[in-house]
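Written below as structure tokens is the structure these notes are about.
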Amino acid sequence: MTITAPRIGAALDRVEAPLKVTGAALYPNDVSYPGLAHAAPVRATIAAGRVTAIDTAEARAAEGVIAVVTALDAPRLRRGPVTLLGISPPAPLQDDRILHYGQYVAVVVADTAEQARHAASLVAVEYAEDVPMLDIGDPRAEVEDDPWGMDVDRGDLEAGLAEADVVIDETYATPDNTNNPLGLMSTVAVWHGDGSLTVHDATQWPHGVRMSLAETFGVPESRIRVLAPYVGGGFGAGLRAWQHVILAVLAARETGRPVKLVLTRPEMFTGVGYRPESIQRIRIGATRDGRLTALAHEAIAPVALEDDNFEAVSHTSARAYACPNVMTRDRQVRLNIPCPGSMRAPTEAQGNFALESAMDELAVDLGIDPLDLRLRNFAGTDPLTGLPWSSNALRECFARGAELFGWSRRTPEPGSMRDGHWRVGYGLAGASYPPYQVPCQARASLQHDGSAFVRSAATDIGTGTYTVMTQLAAELLGLDVARVRFDLGDTDMPYSPQAGGSGLTGALGNAVRSACRQLLQAFLDVVADDPESPLRGLTLDEVEAGGGGIHRAGDPGSGEAYTAILARHDLAELSADGRSTPPTPDTTAWAGAFGARFVEVRVDADLGVIRVARVVSVIDGGRVLNAKTATSQIVGGTVGGIGQALFEETVTDEGTGRIANATFGDYLIPVNADVPDMEVVFVGGPDTATPLGTKGVGEIGLVGIAAAVANAVHHATGRRLRSLPLTLDALL
Amino acid sequence: MKTREEALSRLGASVGVEFGVNGVRRRVGVEGRVTLLDWLRDELGLTGVKKGCDQGACGACTVLVDGKRVVACLMLVAQCDGREVTTVEGVAGVGEAGAVQDAFVRHDAFQCGYCTPGQIMSAIALIGEGRAGTREEIAEFMSGNLCRCGAYPRIRDAIVDAAGGEVG
Ligand code: FES
Ligand code: FES
């Protein structure tokens with residue numbers, strides 16, 4: 001009964017790893033059914049106007065075609081509900097209006113995928129075309145101020161700028177970036193004879209998909225089952241029940257066949273969200289000795305005409321530094337574009353680039369080391385509330401990072417460091433990601449053989465959820481990890497929110513913790529009057545779990561095994577539910593994650609080629625549940641940040657709204673040779689805001705990289721690039 | 001228009017081919033337009049072979065054809081006559097002398113796992129070709145396999161380890 005396997009915090013290998021390395025893990029598009037039919041969408045080739053005619057004759061006559069449903073003849077479908085992530089996307093094929101390029105105008109169902117794709121190419125659509133609004137500056141576009149009610153005014157900005165010795169006033173730009181998880185978004189939909197529905201979907205939120213489909217198709221949620229045990233990444237693209245999910249379910253209903261719909265890579269650029277472009281003006285005022293007197297961050301970004309997203313780009317700047325006079329502003333412009341959504345580190349990916357670039361510019365103007373400038377303006381308490389942080393190890397991040405990176409070797413003069421024909425630049429950026437948690441539920445069962453089964457309808461999009469929840473439950477129940485199974489990705493399990501916003505580990509971890517505690521309580525209840533039990537009459541506070549059972553706290557010899565209790569009371573199993581709710585600390589400010597990013601770039605002196613040569617990341621991620629998977633999150637986020645910094649830009653054709661680079665050949669993401677080896681270190685301790693003490697680490701790994709790279713490029717070359725991605729043509 | 005129709009109808013026509021998949025001889029009649037990738041997945045149920053782009057740009061569908069790396073989305077079944085195709089299902093599994101697979105697990109060389117079968121097939125070929133000598137070499141020759149989760153440094157660690165080198 002001794003515990004040998006590693007538990008919380010330990011670098012346990014992923015529990016599902018054997019399935020992934022042998023190709024046995026079943027992703028939604030790996031699922032098949034007898035009689036499976038395949039659907040392919042037809043997309044609009046204009047960005048604004050109306051469909052005037054759709055000729056489906058040729059498509060219907062093509063071999064293998066079972067059905068064609070168009071925007072002119074589709075049945076009425078209701079729009080999904082407003083959820084905790086906001087409004088659902090509009091139901092597809094509901095009228096003749098075209099609001100963006102790539103909008104679905106028909107769906108074809110055939111016996112094979114090849115037949116469906118071919119027949120889709122035979123659908124002839126005629127349009128009456130309008131001039132689309134595609135530019136953020138289009139005077140016809142509707143502009144919304146403060147769309148999320150998060151704008152901040154603190155102190156007196158003008159007075160703060162007036163008292164400054166130095167003022168930075170610059171504008172930064174970030175382009176559209178497309179999530180591009182490697183797994184193509186896929187849905188397999190099956191209507192059963194009893195009117196119930198099973199959907200396999202590459203979603204980050206099975207319950208969200210279920211809610212949406214229930215509303216759209218008028219089916220009770222209890223008759224819908226959504227499954228997503230493995231998902232080929234998401235990075236935000238799987239947060240919503242996008243229109244293709246509804247098309248697949250509609251196609252299955254219309255044909256009476258199980259239907260699979262797999263988006264193509266080009267379709268992934270117009271149908272599953274993306275990080276929207278931004279234009280950001282930053283003004284910072286400071287005294288000669290580097291104390292901030294004023295900070296203004298004004299951001300503008302586009303959104304679709306009849307859909308919404310959450311992208312409060314400027315907000316976090318209000319809590320980034322100790323500064324008495326602060327203003328943040330967000331504005332949205334409605335355009336004829338596919339709806340932007342969340343992409344890894346939403347809001348901070350863009351906002352941090354502008355703020356941390358501007359801080360570097362200020363440091364240069366003042367002649368102060370960029371590291372010192374950040375430390376001088378460290379926010380020791382939360383600037384928004386004035387309360388002490390629930391935890392904040394940002395200063396330690398900077399100190400440790402500087403030491404590991406060798407920041408002191410940096411000579412401040414731009415262009416002063418060289419290695420042969422490479423110009424060498426050192427850059428850094430501070431990073432933070434705001435906390436997020438929503439209610440979650442979980443269930444824990446102890447089987448008669450003493451093993452445990454714990455579950456919740458969450459997803460593991462690669463973050464390590466399977467593994468860390470297994471470790472957590474093992475520790476809380478006093479079992480070896482090999483005796484615990486944690487399962488997820490099925491709406492027949494207790495409710496879970498989405499994997500997103502770095503909120504799942506906290507929400508789910510605290511729910512699993514609660515379920516395991518409740519389960520211990522259930523055992524104590526069973527033996528409350530049991531004269532044979534050494535645990536008789538004890539309360540939860542008086543016991544501990546360990547060695548496959550429960551014993552008096554501090555006295556492992558005085559207790560008994562789960563198996564003994566279950567056997568004596570004729571129980572095949574004992575189960576308990578747990579739930580978590582967001583923390584509401586009233587004496588501290590809920591902090592979120594922090595980090596310091598140190599980057600070395602090398603810029604070819606003749607060609608301007610920029611390479612990221614070295615990255616050191618020190619992260620305050622609260623309590624780390626698994627060193628291995630948490631490190632992978634930071635490494636992966638850093639790679640996303642390198643992509644944002646150097647490569648990624650979704651290009652929209654000016655006249656038509658067509659995405660001009662909608663393939664992996666044209667939309668560049670980092671490849672193996674673009675990514676250096678990197679050092680990742682965690683500092684800080686458990687966050688005090690929740691019982692579990694974790695902070696999410698899915699987003700923070702990306703935050704700060706683009707700014708640190710841009711700052712390093714400035715240090716290497718003396719050239720300040722304020723527009724992403726940073727490409728060599730800007731340096732020539 | 002006529003020629004397009006003709007060309008398309010030829011693509012839809014059945015072609016007879018005989019070849020090996022993971023050591024099993026297969027004689028099949030298949031539409032000329034069907035890719036090796038779709039056929040392996042849809043006909044044989046070898047769904048360890050992944051589709052990330054269908055355009056030859058991501059490497060998720062990497063298989064070995066006569067021992068050489070091939071992206072299965074750019075090869076037609078009709079081109080496979082007389083060849084031997086190996087997928088991730090056809091190489092050793094975890095703990096059965098699957099040194100590369102074991103190393104991927106130990107080094108956490110993946111996250112979502114979607115690119116992983118392709119990475120592993122490339123890694124096996126790379127080691128076999130003697131091109132896994134240095135981290136730089138591995139980085140270069142593994143750059144045809146995209147990983148959007150960003151596991152690249154750990155993929156290098158795993159391959160160095162599996163190839164018997166010192167993990168830096
Ligand atoms: S699916 Fe074949 S290379 Fe991407
Ligand atoms: S592990 Fe997700 S794409 Fe590589």
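So you know, we letter chains A, B, ... as the sequences are listed, proteins then strands, and number each from 1. Since we're looking at a predicted model, the values are computed, not measured.
- Comparing G144(B), S143(B), A57(B) by heavy-atom pairs within less than 4.5 Å of chain A, the highest count is held by S143(B).
- Proximity to chain A (any heavy atom under 4.5 Å) is restricted, for D38(B), to the side chain, taken from C-beta onward.
- Nearest heavy-atom pair across Q55(B) and F664(A) is OE1-N, 4.4 Å.
- Taking all atoms of both residues into account, the shortest heavy-atom contact from C115(B) to L182(A) is CB-CD2, 3.3 Å.
- In this structure, CD on E114(A) lies 6.5 Å from CD on E31(B), to the nearest 0.5 angstrom.
- Separating the CD1 atom in I120(B) from the OG1 atom in T22(A) is a distance of 8.0 Å, to the nearest 0.5 Å.
- Between chain B and the options I669(A), D460(A), V262(A), I461(A), heavy-atom pairs under 4.5 Å are most frequent for I669(A).
- Contact annotation for A24(A): neither backbone nor side-chain heavy atoms come within less than 4.5 Å of a heavy atom of chain B.
- Checked by atom type and distance alone, the side chain of R14(A) never pairs as donor or acceptor with a backbone atom of V105(B) at under 3.5 Å.
- When each of P266(A), G665(A), G701(A), G183(A) is checked for heavy-atom pairs under 4.5 Å with chain B, G183(A) comes out on top.
- For the set L26(A), N29(A), T638(A), V31(A), the count of heavy-atom pairs under 4.5 angstrom toward chain B peaks at N29(A).
- Contacts of V675(A) with chain B are made by both backbone and side-chain atoms, with heavy-atom separations under 4.5 Å.
- Among E136(B), R154(B), Q119(B), K51(B), the residue making the largest number of heavy-atom pairs under 4.5 Å with chain A is R154(B).
- Here the closest heavy-atom approach between residue Y114(B) and residue L184(A) is recorded as OH-N, 4.0 Å.
- Between D108(B) and T629(A), the shortest heavy-atom distance links the atoms OD2-CA, 3.8 Å.
- Proximity to chain A is limited to the side chain of I155(B), based on heavy atoms less than 4.5 angstrom apart.
- Contact tally against chain A (heavy-atom pairs below 4.5 Å) for R106(B), E140(B), M142(B): the top residue is R106(B).
- When all heavy atoms are compared, the tightest approach of F110(B) to A17(A) is CZ-CB, 3.6 Å.
- For T663(A), the parts sitting under 4.5 Å from any heavy atom of chain B are the backbone and the side chain alike.
- Proximity to chain B (any heavy atom under 4.5 Å) is shown, for V671(A), by both the backbone and the side chain.
- The contact between P181(A) and chain B is made entirely by backbone atoms, counting heavy-atom distances below 4.5 Å.
- Across G640(A), S32(A), P676(A), the residue that shares the most heavy-atom pairs under 4.5 angstrom with chain B is P676(A).
- Of the residues considered (G150(B), C58(B), C112(B)), C112(B) shows the highest number of contacts with chain A, using heavy-atom pairs under 4.5 Å.
- The existence of a salt bridge linking R148(B) and E648(A) is confirmed by a sub-4.0 Å separation between a basic side-chain nitrogen and an acidic carboxylate oxygen.
- Under the 3.5 Å distance criterion, with hydrogens and angles disregarded, no donor-acceptor pair is assigned to the side chains of Y152(B) and D677(A).
- Within the 3.5 Å criterion, the main-chain N or O of S632(A) finds a donor-acceptor partner in the side chain of Q111(B).
- Note on T631(A), L36(A), I642(A): by heavy-atom pairs under 4.5 Å with chain B, the leading option is T631(A).
- To the nearest 0.5 Å, the span separating CZ on R135(B) from CG on N672(A) amounts to 9.5 Å.
- Within a 6.0 Å sphere centred on CZ of R27(B), other residues, nucleotides and ligands contribute 12 heavy atoms or fewer.
- Salt bridge status for R41(B) with D30(A): present, with a side-chain N to carboxylate O gap under 4.0 Å.
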